[in-house]
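Numbering of ligands and ligand atoms starts at 1, following listing order.
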Amino acid sequence: MNRYYTKNVAQRHANNKKQKMINPPSVLIPESEIQQRVRELGAQLSVDYTGEELVLLGVLRGAVVFYADLARAIALPLRFEFLQLASYYDDMEPAQVQLIRGGSDYLQDRHILIVEDIVDTGHTLNFLIEHLLLFNPKTVKVCTLLDKPSRREVSVNVDYFGFEIPNAFVVGYGLDYAQKYRNLPYIGVLEPAD
Ligand code: 5GP
C-alpha cells in the first residue's frame, strides 16, 4: 500500500531502534515458498467462489506484486479494481486512514475480495471494510499475503493469509522501505547497520 505517514512506519521502527537500516534485506520467505503459497491460495479461492464473479480489489501500491500472481492463480471470472489509501500516524492520536483514489460504482451486489500486502495494526483494513460496506456489496472478504497478528490494535477478520510473520519490518514482493525494495522476488527483513 502506498502510505503517507506523519511518521513513516519504517522510520518509526528505525527510530525505535535508534539505528539505520541499510544492510541488504535478509531472506525471511524465499521466492519459491511465496509462489507455492500463492498457488494454494488461488486454488482455495477458486473453490470457495465457484460459480461466482469476483471483484479483486487491490490496495495500492504494496499489494500489486501479490495481486498479479494471485489473480493468475484463480480460475474464475475476475474483475480488476484498485484503490489507494493514505494513513496518518501520530503517537498522540489514533491512526487516521483516508481513501485517496478509487471509485465505488462496481461495489453494489458484488463479491469483493480485498487483496492486501500486510495486516499490521488492522486500522487500514478496519477503515476499508467499513467504507466498502456503505455501498452494499454482496460480501467483503480479505486476502493478505502477510499477517502480523502480534501487532493488532483493532480486531479485523482476515479470511485468507499467505504467512503469519513476527514483529519485524519486512520488504520485497511489493513491500517497500522509502519506495525501495518492492521488486525483490522474496520477503526480506531489513537489518540494522553494523
Ligand atoms: P495497518 O494494519 O497497521 O493499518 O497497516 C498496514 C500497512 O502498514 C501495510 O499495508 C503496509 O503499508 C504498512 N506496513 C505494516 N508493516 C509493514 C512492514 O513490515 N513492512 C512494510 N514495508 N510495510 C508495512
Please could you name the atoms of ligand 1 that K148 approaches to less than 4.0 Å, counting only its heavy atoms? 16 (N), 17 (C), 18 (C), 19 (O)
CZ of F135 to CG of D109, rounded to nearest 0.5 Å, is 14.5 Å
Taking 4.0 Å as the limit for heavy-atom contacts, which would you say applies to V97 with ligand 1: side chain only, backbone only, both, or neither? neither
Residue-ligand contact R151/ligand 1, heavy atom below 4.0 Å: no
Ligand 1 to E116, heavy atom cutoff 4.0 Å, flagged ligand atoms 10 (O)
What do you reckon, does Y177 have a nitrogen or oxygen under 3.5 Å from a nitrogen or oxygen of ligand 1? no
V170-ligand 1 polar pair, N/O distance under 3.5 Å: yes
For ligand 1, which atoms have a heavy atom of A168 less than 4.0 angstrom away? 19 (O)
So for G122, does at least one of its heavy atoms come nearer than 4.0 angstrom to any atom of ligand 1? yes
Going by the order shown, which atoms of ligand 1 are within less than 4.0 Å of some heavy atom of H123? 4 (O)
Are L134 and L125 linked, directly or through intermediate hydrophobic residues, by side-chain heavy-atom contacts shorter than 4.5 Å (ILVMFWY only)? yes
Please report whether ligand 1 has a polar contact with F169, defined as an N or O pair separated by less than 3.5 Å (distance criterion only). no
Counting only heavy atoms not in R79, do more than 12 fall under 6.0 Å of its CZ? yes
For K180, does the NZ atom have more than 12 heavy-atom neighbours from other residues, nucleotides or ligands under 6.0 Å away? no
Picking from N183, D117, D69, what satisfies side chain to side chain donor-acceptor pair (under 3.5 Å) with Y173? D69
Could you tell me whether the side chains of Q44 and E40 share a donor-acceptor contact shorter than 3.5 Å? no
Any carboxylate oxygen within less than 4.0 angstrom of a Lys/Arg side-chain nitrogen, looking at D147 and R152? yes
